[in-house]
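Bear in mind that the values here come from a model prediction, so they are computed numbers and not experimental data.
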Number of protein chains: 2
Amino acid sequence: MDSERLKKQIDFIIEVDKLKTIYRRSYIADSSRKENDAEHSWHIALMAMILQEQSQNKDIDLLKVIKMLLIHDLVEIYAGDVIVYDLTQRHEQEQKEKAASKKLFSLLPEDQNKEYIALWTEFEENETDEARFARALDRLQPMLLNYATHGKTWQEAHIKSGDVLTVNKIINKGSEGLWNFARELVRDAVDKSFLEE
Amino acid sequence: MDSERLKKQIDFIIEVDKLKTIYRRSYIADSSRKENDAEHSWHIALMAMILQEQSQNKDIDLLKVIKMLLIHDLVEIYAGDVIVYDLTQRHEQEQKEKAASKKLFSLLPEDQNKEYIALWTEFEENETDEARFARALDRLQPMLLNYATHGKTWQEAHIKSGDVLTVNKIINKGSEGLWNFARELVRDAVDKSFLEE
């Protein structure tokens with residue numbers, strides 16, 4: 001056993017435990033508290049398993065989608081979380097996250113460092129079928145939680161239905177079916193006064 | 001789009017959000033609070049990605065390992081969590097979890113219900129290479145957290161080093177390398193007084 005290699009991997013595994021302390025804007029479905037990035041990452045990886053058939057390309061590499069989803073938020077350990085509706089902050093955030101990805105993944109052995117940077121970059125660039133489907137799930141999940149909590153985060157951040165549709169239309173690139181579902185959810189949320197028109 | 005099918009899947013996805021409210025005995029690595037099952041499931045799925053080469057059979061189906069890890073604790077939504085060191089409770093728990101698995105996975109469309117029951121049963125039976133490696137990770141992760149928190153849960157539950165080795169030797173079935181690592185970790189934890197001899 002290459003114990004130097006294993007030591008690096010274990011140190012990385014302990015370091016990323018910090019993802020459990022990065023809190024998001026979304027509340028968990030029972031409204032009791034905000035969700036953290038580790039829980040969110042688990043939830044969307046499970047969604048990928050269940051909703052694979054909704055991908056625009058049904059023959060996607062599901063393992064790659066799940067790998068991307070399990071690691072996509074790790075950069076927030078060093079860069080923090082920013083709400084998707086703040087476009088100015090999001091640009092600065094991209095730079096911070098790129099630096100964070102270099103710092104974090106370099107804890108791993110060199111071959112895995114390269115693999116994880118490549119996976120993270122693929123997710124960010126949103127060009128492959130796998131990245132597009134992964135991104136669609138990453139955007140749909142907070143909408144589901146918002147709906148389940150009767151619009152808690154939408155109301156706290158003064159988000160309107162037009163904002164939700166504009167910011168999340170990227171879902172359509174990964175899954176037309178899920179985008180149709182998301183649009184119905186927004187209409188229904190407006191009808192029920194969870195979300196302002 | 002089969003909207004009845006998608007509705008079932010989305011309802012399941014919301015129902016399993018409750019995994020975020022099932023707290024374990026382990027503390028997260030910074031000792032600030034206990035870990036929940038959703039975070040734990042994310043952590044061990046990520047460990048499977050990073051440590052695949054440590055599996056006794058290097059040609060395992062990693063996607064299947066990760067699927068098992070993402071769903072293995074879902075039954076605790078209805079059955080609750082039991083510490084691995086309580087052997088009497090663990091037997092009763094098996095019966096409760098079996099009933100819980102039927103109740104929970106039947107929310108999914110029939111084909112997925114069957115698939116998930118099969119995955120969960122495979123993990124529980126611990127006979128295939130995939131299940132054995134998944135189980136090894138599920139047991140190693142709380143040991144890593146215990147070490148990182150200077151033995152917090154071990155001390156609270158009055159666990160001794162012999163108990164840790166007996167209860168977790170199942171790691172050896174999935175990965176000799178990780179079992180050797182785990183034994184070194186226990187020795188080191190005793191030396192540092194994180195764990196009683």
Side-chain angles (χ1 to χ4, degrees), chain A residues 1-3 5-7 9-10 12-21 28-30 32-33 35-43 45-51 53-54 61-64 66-67 69-71 74 108-109 112 115-116 119 140-141 144-145 147-148 176-178 180-181 184-185, chain B residues 1-3 5-7 9-10 12-21 28-30 32-33 35-43 45-51 53-54 61-64 66-67 69-71 74 108-109 112 115-116 119 140-141 144-145 147-148 176-178 180-181 184-185:
Chain A
M1 178 171 60
D2 178 349
S3 65
R5 181 175 171 87
L6 181 57
K7 192 186 169 306
Q9 292 166 327
I10 298 285
F12 178 84
I13 286 163
I14 294 296
E15 177 67 6
V16 300
D17 195 81
K18 291 177 181 159
L19 200 67
K20 300 169 189 170
T21 67
I28 64 172
D30 70 3
S32 61
R33 61 165 175 84
E35 185 190 39
N36 68 57
D37 270 346
E39 299 166 321
H40 164 73
S41 299
W42 162 77
H43 210 176
L46 185 68
M47 284 171 67
M49 284 173 63
I50 294 169
L51 298 174
E53 67 202 33
Q54 293 287 340
D61 177 348
L62 180 61
L63 178 59
K64 198 195 235 188
I66 292 176
K67 281 181 166 185
L69 292 173
L70 291 173
I71 67 152
L74 287 178
L108 285 167
Q112 292 189 321
E115 183 195 347
Y116 286 54
L119 275 171
L140 179 63
Q141 189 256 8
L144 296 178
L145 291 184
Y147 187 88
E176 210 181 307
L178 293 181
N180 289 335
F181 174 84
E184 276 173 43
L185 181 143
Chain B
M1 178 171 61
D2 177 350
S3 64
R5 182 174 170 88
L6 181 56
K7 192 186 171 304
Q9 293 166 326
I10 297 285
F12 179 83
I13 287 164
I14 294 296
E15 177 68 5
V16 300
D17 195 81
K18 291 177 181 160
L19 200 67
K20 300 169 190 170
T21 66
I28 65 172
D30 71 4
S32 61
R33 62 166 174 82
E35 185 191 38
N36 67 58
D37 270 345
E39 299 166 321
H40 164 73
S41 299
W42 162 77
H43 210 176
L46 185 69
M47 284 171 67
M49 284 172 63
I50 294 169
L51 299 174
E53 67 204 33
Q54 292 288 340
D61 177 349
L62 180 61
L63 178 59
K64 197 195 237 188
I66 291 176
K67 282 180 166 184
L69 292 173
L70 292 173
I71 67 152
L74 288 178
L108 286 167
Q112 292 189 321
E115 184 196 347
Y116 286 54
L119 276 171
L140 179 62
Q141 189 255 9
L144 296 178
L145 291 184
Y147 188 88
E176 210 182 309
L178 293 180
N180 289 335
F181 174 84
E184 277 173 42
L185 181 144

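You'll find the side chain of B:D30 stays beyond 4.5 Å of the side chain of A:K18, heavy atoms only. Contact of the A:L144 side chain with the B:D17 side chain is not registered, since no non-hydrogen atoms from C-beta on lie closer than 4.5 Å.
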- [ ] Just do the side-chain contact (heavy atoms from CB on, under 4.5 Å) check on B:I50 and A:Y116 with the steps written out, would you?
- [x] CA-CA 10 Å; B:I50 294 169; A:Y116 286 54; 3.3 Å; yes
Open item on the list: Test side-chain contact (heavy atoms from CB on, under 4.5 Å) on A:Y147 and B:I14; report intermediate values, then the result.
Closed with: CA-CA 10 Å; A:Y147 187 88; B:I14 294 296; over 6 Å; no
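Per-residue counts of heavy-atom pairs under 4.5 Å with chain B were compared for A:Q141, A:K67, A:Q9, A:M49; the largest is that of A:M49. Your options are A:E115, A:M47, A:E176, and the one with the most heavy-atom pairs under 4.5 Å with chain B is A:M47. Comparing B:K7, B:R33, B:E39 by heavy-atom pairs within less than 4.5 Å of chain A, the highest count is held by B:E39. The most heavy-atom pairs under 4.5 Å with chain B, out of A:L19, A:L140, A:I71, come from A:L19.
At a 4.5 Å heavy-atom cutoff, the contact between A:E53 and chain B is made by side-chain atoms alone. If you measure heavy-atom distances from A:I10 to chain B, the contacts under 4.5 Å come from the side chain alone. Using a 4.5 Å cut-off between heavy atoms, B:I28 contacts chain A through both its backbone and its side chain. Contact annotation for B:E35: only side-chain heavy atoms (C-beta onward) come within less than 4.5 Å of a heavy atom of chain A. Proximity to chain B (any heavy atom under 4.5 Å) is restricted, for A:F12, to the side chain, taken from C-beta onward. Heavy atoms closer than 4.5 Å to chain B are found in the side chain of A:I66, but not in its backbone. For chain B, the nearby part of A:N36 is the side chain; its heavy atoms alone come within less than 4.5 Å. At a 4.5 Å heavy-atom cutoff, the contact between B:L74 and chain A is made by side-chain atoms alone. Only the side chain of B:Q112 comes within less than 4.5 Å of a heavy atom in chain A; its backbone stays farther off. For A:L185, no part lies under 4.5 angstrom from a heavy atom of chain B.
Residues B:W42 and A:A38 approach most closely at CB-O, 3.4 Å, considering heavy atoms. In plain terms, the two heavy atoms of A:L70 and B:A45 that are nearest each other are CD1-CB, 3.8 Å. In plain terms, the two heavy atoms of A:G177 and A:Q54 that are nearest each other are CA-OE1, 3.6 Å.
Separating the CG atom in A:L63 from the NZ atom in B:K64 is a distance of 14.0 Å, to the nearest 0.5 Å. Separation of atoms CG (A:L46) and CG (B:L69) is listed at 12.0 Å; rounding is to 0.5 Å.
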